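Beneath this line is the structure, given in structure tokens, with notes to follow.
Please read these numbers as outputs of a predicted model, since none were measured by experiment.
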Amino acid sequence: LITHDKQAIFVTFNYDTLLEKELEHGFDTTFKFIEDYTTCKIPLIKVHGSWNWYYNKVEKGRVTVLHHRNNLETLKENDPALGLPYRQVKKFIVPEHIEFMKNELRHVNKIVIIGWRGNEQHFMPELQTNLGMFELVVVNKGQEECDNVRDLFPDIQVSNYRSYPE
């Protein structure tokens, strides 16, 4: 979760659609098209893609959102738009989402990190290059894990650091 000017932006590395369902229910938004993820009330950036995204062969590889589970055959006919979280991976599934996030990072004043270890080496430069001073809140399974996440930001001025080990 990234916030600025009382606006939140969610950035997730998960493939599931639990967050979408909650945002649709709580904020009267929908995710019918890939553009909806950045134009809705609370933008959602899915760095590694989603189980219901696929490269649409008819639309020359455009990332498309599967709307209903009863259309699962569509996923079988097209390539899934998923990026495995390897350290050396340098490609984002929807580069436009990353550009949107980079622009928003310049205005960030608070980052809440929940259960993220920071293994995505291709993602860290995006954070470190585009962030100003911010408050960092880390929720993780233990104090050591929280501090490890804090240590990922050695060159960035953190105005306040709070950790919540489970």
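- Scanning both residues, Val63 and Ala81, for their nearest heavy atoms gives CG1-CB, 4.0 Å.
- The line from CG of Asn52 to OG1 of Thr64 is 11.0 Å long, rounded to the nearest 0.5 Å.
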Is there a side chain to side chain contact (heavy atoms under 4.5 Å, CB included) between Leu19 and Lys21? Walk through the geometry before answering.
CA-CA 5 Å; Leu19 194 49; Lys21 289 186 185 340; over 6 Å; no

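- Ring planes of Trp53 and Tyr37: perpendicular class, angle over 60° (limits at 30 and 60°).
- Proximity of Ile111 to Val137: side-chain heavy atoms (C-beta onward) are nowhere separated by under 4.5 Å.
- In this structure, Glu104 CD and Ile9 CD1 are separated by 4.0 Å, a value rounded to the nearest 0.5 Å.
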Side chain to side chain contact (heavy atoms under 4.5 Å, CB included) between Ile42 and Phe10, worked out:
CA-CA 7 Å; Ile42 298 182; Phe10 286 96; 3.4 Å; yes

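- To the nearest 0.5 angstrom, Glu35 atom CD is 12.0 Å from Cys40 atom SG.
- Heavy-atom neighbours of Asp28 CG from other residues, nucleotides or ligands within 6.0 Å: at or below the threshold of 12.
- Taking CZ from Phe13 and NE2 from His48, the interatomic distance works out to 5.5 Å, rounded to the nearest 0.5 Å.
- A side chain to side chain contact (heavy atoms under 4.5 Å, CB included) with Ile34 is found for exactly one of Lys46, His97, Glu96, namely His97.
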Is there a side chain to side chain contact (heavy atoms under 4.5 Å, CB included) between Ser50 and Thr17 once you walk through the steps?
CA-CA 7 Å; Ser50 187; Thr17 54; 3.7 Å; yes

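- You'll find the side chain of Ile113 reaches within 4.5 Å of the side chain of Leu136, heavy atoms only.
- For the pair Glu24 and Thr30, the tightest heavy-atom approach, listed with the atom from each and the gap, is OE2-CA, 3.8 Å.
- A heavy-atom distance below 4.5 Å is found between the side chains of Asp147 and Gln143.
- For Asn140 (side chain) and Gly142 (main-chain N/O), no donor-acceptor pair under 3.5 Å exists by modelled atom type.
- Screening Thr12, Thr29, Val11, Thr38 against Leu44 for a side chain to side chain contact (heavy atoms under 4.5 Å, CB included) leaves a single residue, Thr12.
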Run the side chain to side chain contact (heavy atoms under 4.5 Å, CB included) check on Ile45 and Ile98 step by step: do they pass?
CA-CA 7 Å; Ile45 307 301; Ile98 301 305; 4.1 Å; yes

Using the salt bridge (Lys or Arg N to Asp or Glu O under 4.0 Å) rule, take Glu99 and Lys102 through it: C-alpha gap first, then chi angles, then the decisive distance, then the call.
CA-CA 5 Å; Glu99 287 303 313; Lys102 285 167 48 175; 3.1 Å; yes

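- For the atom pair CG of Asp36 and CG of Leu23, the computed distance is 12.0 Å after rounding to the nearest 0.5 Å.
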